[in-house]
Amino acid sequence: MAIDKIVDEPALAAVLQISDQARDQASTLASLLDKSPDGSASTEVIAEIAKQQKLLFTNIAHLRGLHRNACFSARETKAETAEARQEVDRLHLQLQNLYYEQRHLQGEISACESYDHKYQQLPLIPVEQFLAQHPEHQDDDENTLMVARIDHERAERETLEQQRQELLKRKQKLIADNKRRKDDLANLDKDLEKFIDAAKPIQKLFEKAP
């Protein structure tokens, strides 16, 4: 495949075109010089040689300018490429950081999901029983339903605790009443014994009577 079919960049295509022209002119100039090896050329040949030399020098100068521009363009391209590479490296680093963060968050999520939460150990009533008592929670999601069940258990325990406190007060009152009654019975026994002791002389008098 010809080189001009491969290179499609305009600046490089111009370099190839000028190079071809310079090569053709150098070849033509060499042919003209070969026709007069001893320097005895005609005026027309000398004029043609001078013309070809001027064209060759012009093309060479043009080629040098294109080469210089190509070098500048290559430097700019390298700088742009380096800048683009830095941007790609920066984005790649960000991507890696996001990947590590994603893995960290996935690990945290897995740890949370596998964590043995205390609420899972609560003796809650079965879901079916709870929904039968509270049908307004039929359409709740899992988390909302769990919160409702825990609130229900808390309310039930508060009610039971209140009942326990009331029963404890009644128990304390009964204990106090029983103690008071025991004390009253003990005092009554003492009074009865005193009464019996005081009645003994009278009993003896009745025994002596005919």
Side-chain angles (χ1 to χ4, degrees), residues 1-34 47-128 130-131 134-155:
M1 181 179 292
I3 190 64
D4 56 350
K5 300 296 183 181
I6 299 176
V7 177
D8 55 0
E9 207 280 325
L12 294 179
V15 171
L16 292 177
Q17 182 180 2
I18 298 301
S19 297
D20 291 339
Q21 292 177 1
R23 182 193 60 198
D24 294 340
Q25 289 166 354
S27 179
T28 302
L29 184 59
S31 298
L32 292 174
L33 293 175
D34 288 340
E48 185 63 23
I49 290 174
K51 178 182 177 182
Q52 292 299 326
Q53 283 180 337
K54 290 180 181 179
L55 291 175
L56 180 60
F57 292 155
T58 301
N59 285 329
I60 290 175
H62 191 189
L63 188 60
R64 287 176 178 173
L66 292 175
H67 179 265
R68 183 172 57 254
N69 293 337
C71 291
F72 290 153
S73 178
R75 291 176 184 175
E76 293 177 357
T77 302
K78 288 182 179 179
E80 293 174 356
T81 302
E83 184 177 354
R85 183 181 294 110
Q86 290 178 355
E87 180 66 15
V88 171
D89 291 341
R90 184 182 66 82
L91 294 175
H92 180 70
L93 180 60
Q94 289 183 352
L95 182 61
Q96 290 294 322
N97 291 336
L98 290 175
Y99 174 71
Y100 293 140
E101 184 176 357
Q102 180 188 28
R103 289 203 305 177
H104 173 71
L105 292 177
Q106 287 176 343
E108 292 293 327
I109 292 173
S110 298
C112 291
E113 290 177 347
S114 61
Y115 180 72
D116 186 17
H117 296 279
K118 294 297 182 182
Y119 76 86
Q120 294 177 342
Q121 303 175 7
L122 294 175
L124 303 178
I125 63 175
V127 177
E128 296 77 9
F130 175 79
L131 292 177
H134 303 278
E136 67 274 11
H137 294 288
Q138 288 283 352
D139 298 329
D140 288 352
D141 57 47
E142 183 179 355
N143 291 333
T144 305
L145 181 60
M146 177 58 72
V147 172
R149 292 176 66 197
I150 292 175
D151 289 340
H152 172 268
E153 181 67 21
R154 177 180 57 79

dist Q138:CD -> E136:CD (nearest 0.5 Å) comes out at 9.0 Å
For M146, which of V127, L124, D151 qualifies under side-chain contact (heavy atoms from CB on, under 4.5 Å)?
-> L124
When rounded to the nearest 0.5 Å, the distance separating CG of D89 from CD of Q96 is 11.5 Å
Go through the structure and list residues passing side-chain contact (heavy atoms from CB on, under 4.5 Å) with Q94, not counting sequence neighbours.
-> R90, L91
N/O donor-acceptor pairs under 3.5 Å from side chains in residues 54-68, not counting sequence neighbours:
from, atom 1, to, atom 2, distance (Å)
T58, OG1, K54, O, 2.7
N59, ND2, Q25, OE1, 2.4
N59, ND2, L55, O, 3.3

Set of side-chain contact (heavy atoms from CB on, under 4.5 Å) partners for E101, sequence neighbours left out | L98, L105
With sequence neighbours left out, the residues meeting side-chain contact (heavy atoms from CB on, under 4.5 Å) with S114 are none
How would you list all residue pairs meeting salt bridge (charged side-chain N to carboxylate O under 4.0 Å, His left out) that involve residues 137-150, not counting sequence neighbours?
-> none
Partner residues of E153 under the side chain to side chain donor-acceptor pair (under 3.5 Å) criterion, sequence neighbours left out = R157
Check whether any side-chain heavy atom of H104 lies under 4.5 Å from a side-chain heavy atom of Y100, and answer yes or no.
-> no
Nearest non-hydrogen partners of L145 and F130, listed with the distance = CD1-CE2, 3.7 Å
Partners of E83 by side-chain contact (heavy atoms from CB on, under 4.5 Å), sequence neighbours excluded?
-> none
Side chain T81, main chain T77, donor-acceptor under 3.5 Å | yes
